[in-house]
Undergrad: 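Quick one: this structure, given as structure tokens, is what I'll be asking you about.
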Amino acid sequence: MISIRVNGEALQIAADSTVENLIAQLKLNSKFLAVELNRRVVPRAEHGRTRLAADDQVEIVTLVGGG
Amino acid sequence: MTELDVKPLRLGSHNFTSRLIVGTGKYATFELMRECLTISQADVITVAVRRERLVDAAGRSILDFIDLNRYTILPNTAGCFTAEDAVRTARLGREILLGLENPGASWVKLEVLADKKTLLPDPLATLEATKQLVADGFEVLCYTSDDPIMARRLKDAGATSVMPAGSPIGSGQGILNPNNIRICLEYLKEGDPNYPVIVDAGVGTASDVAFAMELGCDGVLLNTAIASAKNPRLMAEAMCLACRAGYLAANSGRIPKRLYATASSPEDGLISAK
């Protein structure tokens, strides 16, 4: 297991996990979200081949009501 | 199209029937929001980009209540206080909309704030973020104050539309300095009459929308005035009508204001003892 930070909180994931694995582990609907890894957007098409490393900073965002 | 129709609003690569842009925040329920969006007849609706809740992720998404074939989504960078955060937020919003195949993926409503109490924009950071986002291929719709010089700087930096605030966000004070809006319009449209200028923020009621349109603005963006009205459905209809009314009035050549009265009825033919 390795430790990463997701939306500011520590999270344990299996070593060698991809962004896609992370989204599945969190039971999120990938259709409605975007992922940033160490301040760079990871395009949807690359979720399956982008591997996460210890201490990575991940942001997972969605759309909410706003003006 | 007849002369009674409102001409389409052109914003960068987009064309819209409605000149009213409405926000999706602050509604009591998603159902009420959906109903008010329909009543307002808006084609463009704004949304915010926020962290996914990792614990309670089973909650309903606003996207389940938005017809993505009907609306062009305009993601904002509300809540950002630095150019860097605004640029990151804009890129994340684009990534979500690309995935949803919504035409809103091409643009962003840029807000870089300076102060939590006033929610006034940070002009320097807004200008910096505008430059970065334009370079990154975004059509930037820029929330700014009503300062005409800043408005001109943002247009020069490549903003697709400059969107001066009528008064502070959510304040409901309407257009506090119409003369500044007039000068913004003059400067931004000089030699470029189709450059779109939208009043963004401060609207409280329908007459504020009509007034903005009568000043010659191309559209109005509002959220709280509908969402927080006691009856949001009625206010959504009022805003829709006001936008159309103001547009038609602006294009009809109003009469000049005079100090003294001018009779509307003929002076001849009165029954009189004279």
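Naming: A, B, ... by sequence-line order, numbering from 1 per chain.
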Undergrad: Could you work out, with side-chain hydrogen bond (donor to acceptor under 3.5 Å, both in side chains) as the rule, every residue matching B:Asn223, not counting sequence neighbours?
TA: none

Undergrad: Nearest 0.5 angstrom please: A:Phe32 CZ to B:Asp64 CG, how far?
TA: 4.5 Å

Undergrad: Heavy-atom cut-off 4.5 Å, strictly under: side chain, backbone, both or neither for B:Lys109 against chain A?
TA: side chain

Undergrad: Taking only heavy atoms into account, what residues of residues 58-65 of chain A are found under 4.5 Å from chain B?
TA: A:Glu59, A:Ile60, A:Val61, A:Thr62, A:Leu63, A:Val64, A:Gly65

Undergrad: By a 4.5 Å heavy-atom criterion (distance strictly below it), what part of A:Val6 contacts chain B: side chain, backbone, both, or neither?
TA: both

Undergrad: Which value, rounded to the nearest 0.5 Å, describes the distance between A:Ile23 atom CD1 and B:Glu52 atom CD?
TA: 10.0 Å

Undergrad: Do you know the tightest heavy-atom contact between B:Glu95 and A:Ala34?
TA: CG-CB, 3.5 Å

Undergrad: Return the option, out of B:Ile169, B:Asp200, B:Thr46, with the maximum number of heavy-atom pairs under 4.5 Å with chain A.
TA: B:Thr46

Undergrad: Got a sec: does the CD of B:Gln41 have more than 12 other heavy atoms crowding it under 6.0 Å?
TA: no

Undergrad: Can a donor-acceptor pair be found, under 3.5 Å and without considering hydrogens, that links the side chain of B:Asn76 to the backbone of A:Gly67?
TA: yes

Undergrad: Any chance you could measure A:Leu33, atom CG, to B:Arg51, atom CZ, to the nearest 0.5 Å?
TA: 14.5 Å

Undergrad: Hey, which of B:Leu63, B:Ile62, B:Thr89, B:Ile73 has the most heavy atom pairs under 4.5 Å with chain A?
TA: B:Leu63

Undergrad: Under a 4.5 Å heavy-atom cutoff, which of B:Glu111, B:Lys26, B:Glu84 has the most pairs with chain A?
TA: B:Glu84

Undergrad: Determine, for A:Glu36 against B:Arg91, whether the closest basic-nitrogen to carboxylate-oxygen distance falls under 4.0 angstrom.
TA: no

Undergrad: Select one option (side chain, backbone, both, neither) describing which atoms of B:Ile66 are under 4.5 Å from chain A's heavy atoms.
TA: neither

Undergrad: Non-hydrogen atoms of chain A under 4.5 Å away: do they reach the side chain of B:Leu92, the backbone, both or neither?
TA: both

